[in-house]
Amino acid sequence: MIEAGHRVVAVDNLSRGHGQAVDRRAVFHEIDLAETHAVADALAEEKIDCVMHFAALAYVGESVADPLAYYDNNTAGTISLLKAMKTAGVKRMVFSSTAAVYGEPDRVPIVESDRLEPVNPYGWSKWCVERVLRDYAAAERDFAFVALRYFNVAGAAADGALGEDHDPETHLIPLLLLTALGRRDKVTLFGTDYPTPDGTCIRDYIHVEDLCAAHIAAISALRPGDARFYNLGIGKGYSVKEVIESARRVTGRDIPIINGPRRAGDPAVLFADADKIHRELGWRPRYTDLDPIVATAWKWFERHPSGYET
């Protein structure tokens, strides 16, 4: 956003974020979304005209074990944010939604008008926010939002300056690369008997820089009264085994893999139909091949083996 000429203010409670990741050219406020009045004061003080809302808990398994935390942070937190925006007179939001709102799809590729039926509290917490945004936009006619339904976000900044640093780490590509670095012993492959060409799950991997470009396109397109929903993916899928082999090629290292049982609720194939955002916003992904996506992540992990601590 800064490179595109915008003035940026970051708000985070740093419960799972990293202060080191905040660009020095941005203003930073350490505030929790539940602090409605503090958020409203920051929005007014900084004269914000659009909010990009990324703040969410995002572990599927954790959401099953502790659903209240997910509805509290993801759903109630967004309601608090919307109240703060209303108080401060902010009329535009770009919301980070998720492909998890589709649950187990009836068909692939998935289009935005397909049935929404999440299969875990994480997905439902985001579905609830989409519902709230629809209703709020219907009541406040000058309010506008776009919900971007992310598929599997991957990769890192091409210059190696920004990347993934999660605790615990659950994403496939970081797990493979951390194993290549010797920081993990092995990676478990969950299920080898899916009805796919090589027996492993197929997913749509979108590069994080393409994701950023979609947000910039969205903020530029929003007009009063807009209620938009877009899939963010590359429109094709790669299997888990294909990702493993890509990581081996990029790193030049052997990565030990052990086979495990399927995980409950893992659909065999998930990938996006992103034609709608192509047509309406002119956005298209630059990264569509797996190796370049993995290579950017590898640059990050090689330079920052302990994440933002390094």
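Given the structure is predicted, the values throughout are model-derived calculations rather than measurements.
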> Do any N or O atoms from the side chain of Arg253 and from the backbone of Ala180 form a donor-acceptor pair under 3.5 angstrom?
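Flag set: sc Arg253 to bb Ala180 pair under 3.5 Å.
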
> Would you name the heavy atoms of Ala44 and Ala88 that are closest together and state the gap between them?
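Closest heavy-atom pair between Ala44 and Ala88: N-CB, 4.0 Å.
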
> Would you confirm whether Glu117, through its side chain, and Val119, through its main-chain N or O, come within 3.5 Å as a donor-acceptor pair?
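A pair under 3.5 Å: no.
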
> For the pair Asp289 (side chain) and Asp291 (backbone), establish whether a donor and an acceptor sit closer than 3.5 Å, ignoring hydrogens and angles.
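Looks like no, no N/O pair under 3.5 Å.
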
> Please round to the nearest 0.5 Å and tell me the distance separating atom CG of Asp204 and atom NZ of Lys236.
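Going from the CG atom of Asp204 to the NZ atom of Lys236 covers 9.5 Å.
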
> Assigning hydrophobic clusters by single linkage (Ile, Leu, Val, Met, Phe, Trp, Tyr; side-chain heavy-atom cutoff under 4.5 Å), is Leu172 placed with Tyr238?
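Shared cluster, yes.
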
> Side chain of Arg286, backbone of Glu209: donor and acceptor closer than 3.5 Å?
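Not confirmed, Arg286 side chain does not pair with Glu209 backbone.
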
> Main chain of Lys83, side chain of Thr87: is a donor-acceptor contact present, judged purely on distance under 3.5 Å?
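Looks like yes, one N/O pair under 3.5 Å.
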
> Considering only heavy atoms from C-beta outward, does the side chain of Asn74 approach that of Leu57 to under 4.5 Å?
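Counting from C-beta outward, Asn74 and Leu57 do come under 4.5 Å.
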
> Tell me, do Pro256 and Asp185 make a side-chain contact under 4.5 Å, heavy atoms counted?
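They are not in side-chain contact.
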
> If I compare all heavy atoms of Asp198 with all of Ser239, which pair ends up nearest, and what's the gap?
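Distance-wise, the nearest heavy atoms are OD2-OG, 2.5 Å.
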
> Is the closest side-chain heavy-atom distance between Asp23 and Val8 below 4.5 Å?
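A side-chain contact under 4.5 Å is absent here.
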
> Would you confirm whether Thr296, through its side chain, and Ala157, through its main-chain N or O, come within 3.5 Å as a donor-acceptor pair?
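Absent.
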
> Between Leu33 and Val129, is there shared hydrophobic-cluster membership here, with clusters defined by ILVMFWY side-chain heavy atoms closer than 4.5 Å?
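Leu33 and Val129: one cluster.
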
> Does the side chain of Thr192 come under 3.5 Å of the side chain of Asn259 through a donor N or O and an acceptor N or O?
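There is no such pair between these side chains.
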
> Could you check Lys299 against Arg303 for side chain to side chain contact (heavy atoms under 4.5 Å, CB included), going step by step and ending with a plain yes or no?
CA-CA 6 Å; Lys299 181 183 286 187; Arg303 294 184 182 182; 3.8 Å; yes

> I'd like to know whether Glu245 forms a side chain to side chain contact (heavy atoms under 4.5 Å, CB included) with Leu290, so could you lay out the CA-CA distance, the side-chain angles of the two residues, the decisive distance to 0.1 Å, and finally the verdict.
CA-CA 10 Å; Glu245 290 309 312; Leu290 198 53; over 6 Å; no

> Just wondering, do Val111 and Asp114 contact through their side chains at under 4.5 Å, heavy atoms?
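Yes, at least one pair of side-chain atoms sits under 4.5 Å.
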
> Using the rule that two of Ile, Leu, Val, Met, Phe, Trp, Tyr join whenever any of their side-chain heavy atoms come within less than 4.5 Å, decide whether Val294 and Ile234 are in one cluster.
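Cluster IDs for Val294 and Ile234 match.
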
> Decide side chain to side chain donor-acceptor pair (under 3.5 Å) for His29 and Glu46; before the verdict, give the C-alpha distance in whole Å, the side-chain angles of both, and the deciding distance to 0.1 Å.
CA-CA 10 Å; His29 293 266; Glu46 301 292 353; 2.8 Å; yes

> Parallel, tilted or perpendicular: which describes the rings of Trp283 and His278, with under 30° parallel and over 60° perpendicular?
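Rings of Trp283 and His278: tilted, as their planes differ by 30° to 60°.
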
> Side-chain contact, heavy-atom cut-off 4.5 Å: Leu82 with Leu133?
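Heavy-atom side-chain distance check passes, below 4.5 Å.
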
> For the rings on His215 and Phe54, is their centre-to-centre separation under 6.0 Å?
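Yes, the ring of His215 comes within the 6.0 Å limit of the ring of Phe54, centre to centre.
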
> For residues 65-72, which side-chain N or O atoms pair as donor and acceptor with protein atoms under 3.5 Å away, sequence neighbours left out?
| unit_1 | atom_1 | unit_2 | atom_2 | d |
| --- | --- | --- | --- | --- |
| Tyr70 | OH | Tyr59 | N | 2.8 |
| Tyr70 | OH | Tyr59 | O | 3.0 |
| Tyr70 | OH | Glu62 | OE1 | 2.5 |

> Would Phe95 and Val132 count as a side chain to side chain contact (heavy atoms under 4.5 Å, CB included) here? Give the steps.
CA-CA 12 Å; Phe95 173 59; Val132 168; over 6 Å; no

> What distance do Arg183 atom CZ and Leu177 atom CG have between them, rounded to the nearest 0.5 Å?
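With rounding to 0.5 Å, CZ (Arg183) is 12.5 Å from CG (Leu177).
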
> Less than 4.5 Å apart, any side-chain heavy atom of Met93 and any of Phe143?
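Side chain of Met93 against side chain of Phe143, heavy atoms only: contact under 4.5 Å found.
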
> Search all heavy atoms of Val39 against all heavy atoms of Ala84 and return the closest pair with its distance.
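Result for this residue pair: CG1-CB, 3.7 Å.
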
> Could you tell me the separation between the CD1 atom of Ile219 and the CG atom of Leu281, rounded to the nearest 0.5 Å?
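So the CD1 of Ile219 and the CG of Leu281 are separated by 12.5 Å.
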
> Do you know which of Val101, Thr78, Thr75 makes side chain to side chain contact (heavy atoms under 4.5 Å, CB included) with Lys126?
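The single option meeting the side chain to side chain contact (heavy atoms under 4.5 Å, CB included) with Lys126 is Val101.
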
> Return yes if some donor-acceptor pair links the side-chain N/O of Tyr150 with the main-chain N/O of Ala100 below 3.5 Å, else return no.
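Looks like no, no N/O pair under 3.5 Å.
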
> Consider only side-chain heavy atoms of I, L, V, M, F, W and Y, link residues closer than 4.5 Å, and tell whether Tyr102 and Leu148 are in one cluster.
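No: no chain of side-chain contacts under 4.5 Å links Tyr102 to Leu148.
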
> Can you find a heavy atom in the side chain of Glu45 that is under 4.5 Å from one in the side chain of Val9?
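Glu45 does not reach Val9 side chain to side chain.
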
> How far apart are the closest heavy atoms of Leu232 and Ala214, and which atoms are they?
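Result for this residue pair: CD2-CB, 3.5 Å.
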
> Could you walk me through whether Arg149 and Glu112 satisfy the salt bridge (Lys or Arg N to Asp or Glu O under 4.0 Å) test, starting with their C-alpha distance in whole Å, then the side-chain angles of each, then the deciding distance to 0.1 Å, before giving a yes or no?
CA-CA 9 Å; Arg149 293 170 178 164; Glu112 289 84 353; over 6 Å; no

> When the ring centroid of Phe271 is compared with that of Tyr205, is the distance short of 6.0 Å?
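No, the ring centres sit 6.0 Å or more apart.
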
> For the side chain of Arg16 and the backbone of His166, is there at least one donor-acceptor N/O pair under 3.5 Å apart?
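No.
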
> Taking the side chain as every heavy atom from C-beta outward, state whether Asn231 and Lys276 have any pair of such atoms under 4.5 Å apart.
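Result no, sub-4.5 Å side-chain heavy-atom pair not found.
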
> May I ask you to decide if the ring planes of Trp300 and His304 are parallel, tilted or perpendicular, using 30° and 60° as cut-offs?
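Aromatic pair Trp300/His304 classed parallel.
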
> Working to the nearest 0.5 angstrom, can you tell me the gap between Cys50 SG and Met85 CE?
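Here the rounded value is 7.0 Å.
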
> Atom CZ of residue position Arg25 - does it have more than 12 heavy atoms of other residues, nucleotides or ligands inside 6.0 Å?
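More than 12 within 6.0 Å, yes.
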
> Test Tyr194 against Val269 for side chain to side chain contact (heavy atoms under 4.5 Å, CB included), laying out the working first.
CA-CA 9 Å; Tyr194 286 92; Val269 182; over 6 Å; no

> In terms of side-chain heavy atoms, does Thr36 have a donor or acceptor partner in Ser80 at a distance below 3.5 Å?
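Ser80 and Thr36 do have a side-chain donor-acceptor pair below 3.5 Å.
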
> Looking only at non-hydrogen atoms, find the nearest pair between Ala268 and Arg203 and report the distance.
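What the structure gives for the nearest pair is O-NH1, 3.6 Å.
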
> Decide whether Ile173 and Leu162 are clustered together by the hydrophobic rule: side chain heavy atoms of Ile, Leu, Val, Met, Phe, Trp, Tyr closer than 4.5 Å, transitively.
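Yes, Ile173 and Leu162 fall within the same hydrophobic cluster.
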
> Roughly how far, to the nearest 0.5 Å, is CD1 of Ile216 from CG of Leu211?
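Going from the CG atom of Leu211 to the CD1 atom of Ile216 covers 10.5 Å.
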
> So, for Cys201 and Pro267, which heavy atoms are closest and what is the spacing to 0.1 Å?
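Minimum heavy-atom separation between Cys201 and Pro267: SG-O, 3.6 Å.
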
> Measure the spacing between CG of Leu81 and CD of Glu35 and express it to the nearest 0.5 Å.
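Leu81 atom CG to Glu35 atom CD measures 12.5 Å (nearest 0.5 Å).
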
